[in-house]
Amino acid sequence: MSEKRDFDFCPRCGALMQNGMCQSCGYGNQRPPQMQNGYPMQNPQTPMPPNGNPGMSNGYGGPGVQPTYVYATPTKQKNHTVAIVISVIAVVVLVLGLVIALFVAVANSTRDSVRGEERRSERDTYDEFYDDYYGGYDDDYDYDYGYYEPDESDPYYQEIVDCTRTDLNYSLQWVVESLDPDDSEDDCTYYTTYPLLEMEDAGQLSQINDTIRERALAYRDSYKECESGISTFGYVTLMDEDKISVVFKHNFYKKNVTEVLLDACTFSIETGEMIAPEEMVEIDLDLAMRFQSQDKLQNDGVDAVQDRSAEELVEILTDPEKAVFFYTPVGLEAGFNYETGWVTVTLKEQAL
């Protein structure tokens, strides 16, 4: 077999060339860079020269190393700007949301607090107004536990309230009278409410009604002597077929203070006459000592009672200008007015 070969001499080193390639220095038709996936390969393999190894002399004295080609694969540059902008916007939105939520929470809390204060202020103002203007009349109604209903089983009488009935041979009609100044800025007024008795044969009741009206209107003509006027509230503390007890609270609205005076009267339905305290109970030293003892239990001991002797108490309780006696479902209530108020105690089993 034979193989045709073309021989020539290398223009670089003068060595013999075969097939256009120098067998000594490798000059001639070099391979183009090898390609992979459309990109030149890094460090393509160097052709093995005949009779030698790459980088070694081939026996002809010329270098046997072929030029090395280095091709770097292009690195795609990632664009992080959009991601950074989105992250910044998200953080800003989150912060703004937290700020708005905090502001709304604070605003709601402040609003609720202000409304609560306004409601408390309105209720306090309401209570103060009625305490001052009506002498504590609304205190007869216990807003937490309901309207006080006295009962004979109670250890003592707690508060002056109405205790009326509709099953008797007479009934009640309530009357209201008031006087108001023409000047709207003038708060000096007069107000009173009191009961009158009604029945088919009202002959014996006229005397009772005349006395009730007289006691209720006792201070109408002098109401302007007080800066804010006077009010009188009447109560029926007990009524039955034989008797009726009516109590009046006179309230004098003076500058920065309300003075209260208690008045009471008990009537016989049959005669129309007023029943005197001495007819209700025997007023003596024994009663005075019992009065002091009951005052400690019932009222925690009022100075106007505890600081007086038994003799002084007897004198006061027999004074028609100071003494107060009236019946209740609990028992007989006995007491008196003093310089800065009034006091009563319950005397159970002391009834006609």
Side-chain angles (χ1 to χ4, degrees), residues 131-132 134-142 148-163 215 218-219 230-238 243 245-254 256-266 274-352:
D131 283 344
D132 291 341
Y134 294 114
Y137 179 72
D138 65 325
D139 291 341
D140 296 335
Y141 297 87
D142 192 329
Y148 170 55
E149 296 182 2
D151 187 85
E152 61 181 358
S153 63
D154 295 342
Y156 54 83
Y157 190 62
Q158 298 180 21
E159 182 59 63
I160 298 176
V161 294
D162 288 314
C163 187
R215 305 286 278 264
Y219 299 98
I230 297 175
S231 67
T232 296
F233 294 92
Y235 302 84
V236 174
T237 59
L238 182 136
K243 59 186 176 297
S245 287
V246 181
V247 178
F248 300 98
K249 276 186 179 179
H250 301 288
N251 306 288
F252 305 88
Y253 307 114
K254 299 182 179 180
N256 300 325
V257 65
T258 299
E259 297 180 359
V260 182
L261 179 66
L262 207 62
D263 185 20
C265 46
T266 298
M274 191 160 59
I275 301 173
E278 292 81 2
E279 298 178 65
M280 302 177 186
V281 62
E282 185 177 356
I283 305 174
D284 53 13
L285 293 178
D286 289 338
L287 178 67
M289 289 186 288
R290 182 181 177 187
F291 191 98
Q292 284 183 319
S293 177
Q294 183 66 22
D295 173 63
K296 288 182 180 180
L297 175 64
Q298 184 171 338
N299 305 316
D300 293 328
V302 176
D303 292 342
V305 177
Q306 301 303 319
D307 293 344
R308 285 182 166 88
S309 65
E311 291 79 9
E312 289 176 325
L313 288 176
V314 170
E315 182 180 353
I316 293 174
L317 292 174
T318 54
D319 185 348
E321 298 295 329
K322 297 179 180 180
V324 177
F325 288 82
F326 58 94
Y327 288 109
T328 77
V330 185
L332 176 64
E333 202 73 9
F336 59 89
N337 294 286
Y338 58 96
E339 293 79 7
T340 58
W342 55 269
V343 59
T344 65
V345 301
T346 304
L347 304 176
K348 295 182 71 68
E349 300 178 0
Q350 295 288 335
L352 291 177

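Source: prediction; values computed, not measured. All residue numbers in this chain count up from 1 along the given sequence.
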| Looking at residues at least two apart in the chain, or sitting in another chain, which of them share a side chain to side chain donor-acceptor pair (under 3.5 Å) with Asp286? | none

Mind listing the closest non-hydrogen atom pair of [X] and [Y] along with its distance?
X	Y	value
Lys348	Asp154	NZ-O, 3.0 Å
Tyr157	Pro150	CE1-CB, 3.8 Å
Pro155	Gln294	O-NE2, 4.4 Å
Arg215	Ala264	NH2-O, 3.3 Å
Gln292	Gln306	O-NE2, 3.0 Å
Phe248	Gly234	CD2-CA, 3.9 Å

Any side-chain heavy atom of [X] sitting closer than 4.5 Å to one from [Y]?
X	Y	result
Thr328	Cys163	no
Phe325	Ile283	yes
Pro329	Asp151	no
Lys243	Met280	no
Leu347	Leu287	yes

| request: Carefully, step by step, assess Thr232 and Lys249 under the rule side chain to side chain contact (heavy atoms under 4.5 Å, CB included). | output: CA-CA 5 Å; Thr232 296; Lys249 276 186 179 179; over 6 Å; no

Who passes salt bridge (Lys or Arg N to Asp or Glu O under 4.0 Å) against [X], sequence neighbours left out?
X	answer
Lys322	none
Asp295	none
Glu152	none

Under 3.5 Å donor-acceptor, [X] side chain and [Y] backbone:
X	Y	value
Thr237	Tyr327	yes
Tyr148	Gln158	yes
Thr346	Gly331	no

Could you state the interatomic distance from [atom1] ([X]) to [atom2] ([Y]), rounded to the nearest 0.5 Å?
X	Y	atom1	atom2	value
Leu313	Arg290	CG	CZ	14.0 Å
Asp284	Glu311	CG	CD	11.5 Å
Ile316	Glu321	CD1	CD	13.5 Å

| note | Phe252 meets the ring-ring contact (aromatic ring centres under 6.0 Å, His included) criterion, sequence neighbours left out, with Tyr219

| said: I'd like to know whether CD of Glu315 has more than 12 heavy-atom contacts from other residues, nucleotides or ligands below 6.0 angstrom. | reply: no

| task | Start with the C-alpha gap between Val246 and Tyr235, add the side-chain angles, then the distance that decides, and say whether side chain to side chain contact (heavy atoms under 4.5 Å, CB included) holds. | result | CA-CA 6 Å; Val246 181; Tyr235 302 84; over 6 Å; no

| request: Under the side chain to side chain contact (heavy atoms under 4.5 Å, CB included) rule, what do Leu317 and Phe336 come out as? Steps first, then yes or no, please. | output: CA-CA 7 Å; Leu317 292 174; Phe336 59 89; 4.0 Å; yes

| said: Enumerate the side chain to side chain donor-acceptor pair (under 3.5 Å) contacts for residues 335-344, please, sequence neighbours excluded, ordered by first and then second residue. | reply: Glu333-Thr344

